[in-house]
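Comments concern the structure below.
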2 protein chains.
Amino acid sequence: MQLATDRLSATFQALADPTRRAILARLALGETSVSELASPFKMSMPAVSKHLKVLEHAGLISRSRDAQMRPCKIEAQALKQADDWLEEYRRLWEQRLDRLEDYLRAVQIQAKTAQTETAQAEETKAAKPKGKGKSRGRKK
Amino acid sequence: MQLATDRLSATFQALADPTRRAILARLALGETSVSELASPFKMSMPAVSKHLKVLEHAGLISRSRDAQMRPCKIEAQALKQADDWLEEYRRLWEQRLDRLEDYLRAVQIQAKTAQTETAQAEETKAAKPKGKGKSRGRKK
DNA sequence: CTTGTATTTAACCAGAAGGTTATTTAACTG
DNA sequence: CAGTTAAATAACCTTCTGGTTAAATACAAG
């Protein structure tokens, strides 16, 4: 059905659909049948079956057999891989507050300066510095 | 270009492509131009431009202007949203070992019960770590 | 062996994704 | 102004996605 791309791409791809995320949410509560997984949705069974195939291909679920039923089980390892990828970027949002503080501090200083030099503030715009000076400021 | 689905779907969708993840990896090092972002790939500029549009639509990057250049910057909040979603499932892989331990302990008790129906209660008590104070934090 | 139940497969469809080349827009430069 | 650079847009193509209905499979129970 889908391309044989890498595992991580397949995982994110699988998570990119609300129906599939809802299925995973249900499976987080415990193993269950395809019919029960399908019941909350108004789509046809084959459609759900396809979603399950996508999830299985991504390693997010596994299936066993119980009479006519094919119970699905969530497989957390694939989710962990996605989490591991995000881990690399965690600092980017965890440092956010610190940077906001830096920014606010800078603004405060600027405000104080502006109090004494109000007139020149407008002129600065016209007095464009040469070349790639980039007076646009706060470029880390 | 892409569907106007919910933000989380758009984010996971954006992350489901290796090229886009590579772009984000580069942007994690700092803001840069489209040309530089495109340079590692053998695809055309319009292709990269499309990838950037997908990332921007998902809120994963933002763009500013600097002369002819349109520098891209990573936006960590969208990544955090993905991480928050995964957070709900974290216990599934973090508790895995604990549950395996529980299972093995149960099997052991069963085996012993089958052998001799004598004093295994004390052993169980001794072996049990008691409480789930493992506090396996989410930060590595 | 026939029927019912649970689920998958087959065939098909519209629209999205990801790529291409050619053209256009935007901003600096001489 | 004309020319160059950086990037986006337009038009087009192929493959993938997510859904459909109809038919097939696997199993259990009469």
Side-chain angles (χ1 to χ4, degrees), chain A residues 1-6 9-24 26-27 31-58 60-73 128-136, chain B residues 1-6 9-23 26-27 31-58 60-73:
Chain A
M1 194 178 175
Q2 60 280 323
L3 227 56
T5 45
D6 60 300
S9 295
T11 300
F12 281 132
Q13 181 66 48
L15 296 180
D17 185 284
T19 301
R20 287 193 290 262
R21 289 200 304 276
I23 288 172
L24 285 179
R26 169 61 189 82
L27 287 178
E31 206 167 332
T32 192
S33 71
V34 175
S35 305
E36 191 184 322
L37 286 174
S39 60
F41 309 105
K42 68 171 198 205
M43 69 184 71
S44 66
M45 283 288 288
V48 173
S49 196
K50 282 190 183 183
H51 281 303
L52 293 175
K53 199 184 268 187
V54 172
L55 288 167
E56 187 176 29
H57 175 256
L60 284 163
I61 67 169
S62 63
R63 281 133 135 184
S64 49
R65 183 168 279 278
D66 173 9
Q68 297 109 319
M69 281 165 289
R70 250 163 257 227
C72 299
K73 185 159 140 305
K128 192 150 56 170
K130 56 172 297 189
K132 319 219 122 196
K134 307 290 13 269
S135 66
R136 218 175 316 217
Chain B
M1 193 179 174
Q2 61 281 324
L3 228 60
T5 45
D6 59 300
S9 295
T11 301
F12 281 132
Q13 181 66 47
L15 296 180
D17 185 284
T19 301
R20 288 193 290 261
R21 289 199 304 275
I23 287 173
R26 170 60 190 83
L27 287 177
E31 207 168 331
T32 193
S33 70
V34 175
S35 304
E36 191 184 321
L37 286 174
S39 60
F41 308 105
K42 68 170 200 205
M43 70 183 71
S44 65
M45 282 286 288
V48 173
S49 196
K50 282 190 184 182
H51 281 303
L52 292 175
K53 198 184 269 186
V54 172
L55 289 167
E56 187 177 29
H57 176 256
L60 284 163
I61 67 168
S62 63
R63 282 134 134 183
S64 49
R65 181 166 280 278
D66 174 9
Q68 299 110 318
M69 281 165 287
R70 229 89 87 159
C72 299
K73 184 160 141 305

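Throughout, a chain's letter reflects where its sequence line sits, starting with A, and its residues are numbered from 1. What's counted below: heavy atoms across the whole structure, side chains too, no hydrogens, waters or symmetry copies.
The SG atom of A:C72 sits 8.5 Å away from the CD atom of A:E31 when rounded to the nearest 0.5 Å.
Within the 4.0 Å cut-off from OP1 or OP2 of C:dT20, not a single side-chain nitrogen or oxygen of B:K50 is found. In terms of phosphate contacts, A:R63 brings no side-chain nitrogen or oxygen within less than 4.0 Å of OP1 or OP2 of C:dT7. Phosphate contact (OP1/OP2 of C:dT7, side-chain N/O of A:K53, threshold under 4.0 Å): absent. Note on B:R20: a side-chain N or O is less than 4.0 Å away from OP1 or OP2 of C:dG18. For B:S49 and D:dA7, the shortest distance from a side-chain N or O to OP1 or OP2 is not below 4.0 Å. The phosphate of C:dT20 has OP1 or OP2 within less than 4.0 Å of a side-chain N or O from B:S44. The phosphate of D:dG19 (OP1 or OP2) has a side-chain N or O of A:H51 nearer than 4.0 angstrom.
The distance between atom CG of A:D17 and atom C1' of D:dT17, rounded to the nearest whole Å, is 9 Å. As rounded to whole Å, 15 Å separates atom C1' of D:dA7 from atom CD of B:E36. Atom P of nucleotide D:dA7 and atom CD1 of B:I61 are separated by 12 Å, given to the nearest angstrom. Across the protein-nucleic acid pair, B:M69 atom CE and D:dA7 atom P stand 7 Å apart, rounded to whole Å. Going from atom NZ of A:K42 over to atom P of D:dG19 covers 10 Å, rounded to whole Å. In this structure, CE of A:M45 is placed 14 Å from C1' of D:dA26, rounded to the nearest angstrom. In this structure, CG of A:L52 is placed 12 Å from P of D:dG19, rounded to the nearest angstrom. Atom CG in A:D66 sits about 13 Å away from atom C1' in C:dT7, given to the nearest Å.
Counting any heavy atom pair closer than 4.0 Å across all strands shown, A:A67 reaches sugar-phosphate atoms only and no base atom. Counting non-hydrogen atoms under 4.0 angstrom, A:T19 reaches nothing in the nucleic acid.
When distances run from any side-chain atom of B:V34 to the nucleotides D:dT21, D:dT17, D:dA8, the shortest one goes to D:dA8. Closest to the A:M43 side chain, of the nucleotides D:dT20, C:dT20, D:dT17, is D:dT20.
In terms of heavy atoms, B:S49 sits closest to B:R63 at O-NH2, 4.1 Å. The heavy-atom pair separating A:I61 from A:L52 by the smallest distance is CD1-O, 3.5 Å. The minimum heavy-atom distance between B:A58 and B:A10, with the atom names listed, is CB-O, 3.5 Å. For the pair A:A14 and A:R20, the tightest heavy-atom approach, listed with the atom from each and the gap, is O-NE, 2.8 Å. Summarising the geometry of A:A22 relative to A:F41, their closest heavy-atom pair is CB-CZ, 3.7 Å, with the distance given to 0.1 Å.
Salt-bridge check for B:D6 with A:R21: passed, with a basic side-chain N closer than 4.0 Å to an acidic carboxylate O.
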Review item, nucleotides 2-5 of chain C N/O atoms under 3.5 Å of protein N/O:
from: C:dG4; atom 1: N2; to: A:Q68; atom 2: NE2; distance (Å): 3.2

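Considering A:L15, A:T19, A:L37 as possible partners of A:L24, the one that fulfils the side-chain contact (heavy atoms from CB on, under 4.5 Å) test is A:L15.
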